[in-house]
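The figures that follow rest on heavy atoms only: side chains count, while hydrogens, waters and symmetry mates do not.
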Amino acid sequence: MAGDTVITIIGNLTSDPELRYTASGAPVANFTVASTPRSFDRNSGQWKDGETLFMRCSVWRDVAENVADSLTKGTRVIVQGRLQQRSYETRDGQQRTTMELAVDEIGPSLRYARTQITRNPSNYGGGGGYNQGGMQDSSGSSGPSYGGDAGYNAPQGGASNDPWATGGSTNFDSEPPF
């Protein structure tokens, strides 16, 4: 969205993500990412830690459930989202302001770990990877199709009005259809 401050943070989860459900049934996961900058001090010849940033994060819907099922305390993650400022009043009447990250994307960092990806079944098109169009092959399964499938629900051998369909013949003597 225009005007949003989008940031990326790399750090470790300080605890397991907390999964809750709103009154309307929408899942939301809350967690904190700790990110500590490091710099090399040439005078001492050692690495020194800077001040740790603790960023409170929230993620909604299917991603919230995936986060709660997949990530645990101490996991190094890469988080991208929109920085949001929220003001509130404490019980004793003091005004407070906090910064939170509305997460758009999150995943484990592979710098010091390995992971195994398990895709969720999609109820709609537009997921990630090779199922972006939401197409299904003739057997009803989604995913890559190598071989006899025409793909994208096109008839085998191409459509009758497809100018690129040659019907198996290659006649290079004729003019192209454009």
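- Between the NZ atom in Lys48 and the CG atom in Asn43 there is a gap of 8.5 Å [rounded to 0.5 Å].
- Between Gln84 and Arg86, the side chains place no donor N or O within less than 3.5 Å of an acceptor N or O (distance only, hydrogens not considered).
- A heavy-atom distance below 4.5 Å is not found between the side chains of Gln46 and Asp41.
- Atom CG in Leu13 sits 6.0 Å away from atom CD1 in Ile106 (nearest 0.5 Å).
- The nearest pair of heavy atoms linking Asp49 to Thr36 is CB-CG2, 3.8 Å.
- Trp60 is not connected to Leu19 by any chain of hydrophobic side-chain contacts under 4.5 Å among Ile, Leu, Val, Met, Phe, Trp and Tyr, and they are in different clusters.
- Looking at every heavy atom in both residues, Pro27 comes nearest to Tyr21 through CB-CE2, 3.5 Å.
- Here the shortest heavy-atom pairing between Arg56 and Phe31 reads NH1-C, 3.3 Å.
- Proximity of Asn12 to Val77: side-chain heavy atoms (C-beta onward) are nowhere separated by under 4.5 Å.
- The two residues Ala113 and Ser109 have their closest heavy-atom pair at CB-O, 4.1 Å.
- Annotation for Ile9 and Ser35: closest pair CG2-CB, 3.9 Å, computed over non-hydrogen atoms.
- Tracing side-chain contacts under 4.5 Å through hydrophobic residues (I, L, V, M, F, W, Y), one never reaches Phe54 starting from Met99; they form parts of separate clusters.
- With Ser87 contributing its side chain and Thr97 its backbone, the two residues share no donor-acceptor pair below 3.5 Å.
- Expressed to the nearest 0.5 Å, how far OG1 of Thr118 lies from CG of Asn66 amounts to 10.0 Å.
- For the residue pair Val67 and Pro17, the shortest heavy atom distance occurs at CG1-CG, 3.7 Å.
- With hydrophobic clusters built from ILVMFWY side chains whose heavy atoms lie under 4.5 angstrom apart, Leu101 shares a cluster with Leu53.
- In this structure, Arg61 places its CZ atom where only 12 or fewer heavy-atom neighbours from other residues, nucleotides or ligands lie under 6.0 Å away.
- Using a 4.5 Å heavy-atom threshold, the side chains of Val63 and Val103 count as separate.
- Distance check, rounded to the nearest 0.5 Å: CD of Glu105 to OG1 of Thr8 gives 10.0 Å.
- Judged purely by atom type and a 3.5 angstrom limit, Asp16 uses its side chain to pair as donor or acceptor with the backbone of Lys73.
- Residues Ile10 and Leu71 are members of separate hydrophobic clusters, defined by side-chain heavy-atom contacts under 4.5 angstrom among Ile, Leu, Val, Met, Phe, Trp and Tyr.
- Annotation: Arg38, atom CZ; neighbour count of heavy atoms from other residues, nucleotides and ligands within 6.0 Å is above 12.
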